[in-house]
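So that the names make sense, note that chain A is the first sequence line, chain B the second, and so on, each numbered from 1.
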2 protein chains.
Amino acid sequence: MAPPSKPEKSAERKRGSGAQYVYNILRNEIIDLTLEPGRPIDEIQLSERLQMSRTPIREALVRLAGEGLVTTLPNRSTVVTNIDFLNLHPFFDAITLMYRVTTRLAADAHKASDLEVIRARQAEFAEAVMAQDALSMIATNREFHAAIAAAGRNHYYEALCLRLLDEGRRILRLYYSSFDDRLPREYVDEHEGLIAAIEARDIARADELASAHADQIVAQIRTMISRDTRHKIPL
Amino acid sequence: MAPPSKPEKSAERKRGSGAQYVYNILRNEIIDLTLEPGRPIDEIQLSERLQMSRTPIREALVRLAGEGLVTTLPNRSTVVTNIDFLNLHPFFDAITLMYRVTTRLAADAHKASDLEVIRARQAEFAEAVMAQDALSMIATNREFHAAIAAAGRNHYYEALCLRLLDEGRRILRLYYSSFDDRLPREYVDEHEGLIAAIEARDIARADELASAHADQIVAQIRTMISRDTRHKIPL
DNA sequence: CGCACAAATCGTGTCGACACAGAAAATACA
DNA sequence: TGTATTTTCTGTGTCGACACGATTTGTGCG
């Protein structure tokens, strides 16, 4: 609940960076669930916390609304968008397809430099898993798949994939922090398999592995949700 | 070049609708190519034309930037995003996939009311083709596929599909207005086929027809572009 | 005691003004 | 005449203030 870092009383930041600054902070706090879903965001309160006028804050909120991370209630307030547990099916459907498509494209269109970046992300991911750091694992997993999407060189897919990964981070964050924190090392191996398929430019295998990877993640989330449901409705 | 409609000197509009109003106007003008790609958008000029302060105009621009319709050059100006003819491949790839996925989902998940809407859009489309009105055809085609995407009930796919359809409108608009305006009636028949497959809940056929439909559109755009290229490089 | 209505409160939507960055114009110099 | 430097100018980024809508609180009447 405490402000993550007290911003300088004023200035220090360059002109034009204000909205971006607010955007980054809010985005991280929303994805990390520091700002819980459904919580109203008060522009004035924010402007006091971040030591700047409402204008750049409103700009950040408009951007976040465009990405669906906040919801604007006209003439009332803007709230952190709720995670809709009843409509998770479209999410699972879309992220599975995007995992497949981006991995296929990466296998087809990647350059050597792309693979370097992907390997670096994978190393960070593996490190997070080794350290049993769930939060870091969630974040690095996002970056890993983002790197694959970037290697595919299709901005449309990449943008949708990033959006889905961020939504996924919120969901994962919700469950990993409240339930078990055992981090399955299989994910590391699955990622290695993806990398190998991409490097070999084996599109069919990349597709297959990505599909299986997505299925496994979906299955795990489903398990966590059902566990959660049971927990929420005690006998 | 003339302002489409002189807005009331002031007021008349309800509170909270300002940014939305500007957004709609700009969006239409960008997609209709009334605002040519690359043209800088002057906030002050716009505020004078639309008789309102720069604040709601900036909000509209931020939203449009989020959708990629305008590009913000920091501390300089925002310009209408250029159509990148060299990178059309990702566009073709994505719209083909989205046509397929949304049509499949529509075949699977549509309700009776969805079909009514789709049929209504198809009627408007057919009317535009009959009237040989290229501009109207482009617009109604967009609405037709948007209705199919809506029937699929996956917001992620729907959002991407809408974005692609709008970009497609810009491209089509560019070529239909400068080259031949003969409107192929086959499109009407293809649309009918899509509707039939959706109604029959025949997912495989819906996929197949959507794929063929997309291929045909892509082929036609490609033809127009190659014609255009020849035109731009005379011997 | 409960309900309809009025007043106050809260927060957003919009406005006009100022400050700074970048580009264009003007000037100086070789 | 061409190039480097300064100045002007245009237009964005940010600010503080006001106005209106929605909610909440307070009040009067049944």
Rounded distance (Å) that lies between atom [atom2] of [N] and atom [atom1] of [X]:
X: A:Q20; N: D:dT14; atom1: CD; atom2: C1'; result: 16 Å
X: A:I44; N: C:dC10; atom1: CD1; atom2: C1'; result: 8 Å
X: B:L61; N: D:dG11; atom1: CG; atom2: C1'; result: 13 Å
X: B:Y23; N: C:dT14; atom1: OH; atom2: C1'; result: 20 Å
X: A:E43; N: C:dT14; atom1: CD; atom2: P; result: 12 Å
X: B:M52; N: C:dG16; atom1: CE; atom2: P; result: 11 Å
X: A:N75; N: D:dA19; atom1: CG; atom2: C1'; result: 11 Å
X: A:I57; N: C:dG11; atom1: CD1; atom2: P; result: 14 Å

Whether B:F125 and B:H191 hold their rings parallel, tilted or perpendicular, with breakpoints at 30° and 60°: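 Correct class here is tilted.
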
Please report the shortest heavy-atom distance between [X] and [Y], naming the atom on each side.
X: B:F144; Y: B:R121; result: CA-CB, 3.7 Å
X: A:L162; Y: A:A146; result: CD2-CB, 3.5 Å
X: A:L46; Y: A:I57; result: C-CD1, 3.6 Å

So if I take every side-chain heavy atom of [X] and compare against [options], which nucleotide ends up nearest?
X: A:S53; options: D:dT14, D:dG11, C:dG11; answer: D:dT14
X: A:D42; options: D:dC15, C:dC15, C:dT12; answer: C:dT12
X: B:T55; options: C:dT12, C:dC15, D:dC15; answer: C:dC15
X: B:R58; options: D:dG13, C:dC15, C:dG11; answer: D:dG13

Closest-nucleotide 5' rank along DNA chain C - winner of B:R54 and B:E59: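 The answer here is B:E59.
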
Reported CE-to-CG distance for the pair B:M98 and A:L97, which is rounded to 0.5 angstrom: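 Answer rounded to 0.5 Å: 5.5 Å.
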
Sugar-phosphate, base or nothing in reach of B:L46, heavy atoms under 4.0 Å: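 Contact class for B:L46: none.
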
Sugar-phosphate, base or nothing in reach of B:I41, heavy atoms under 4.0 Å: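 Here B:I41 touches the backbone only, sparing every base.
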
Any B:R76 side-chain N or O less than 4.0 Å from OP1/OP2 of C:dA23: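 For C:dA23, OP1/OP2 do have a side-chain N/O of B:R76 under 4.0 Å.
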
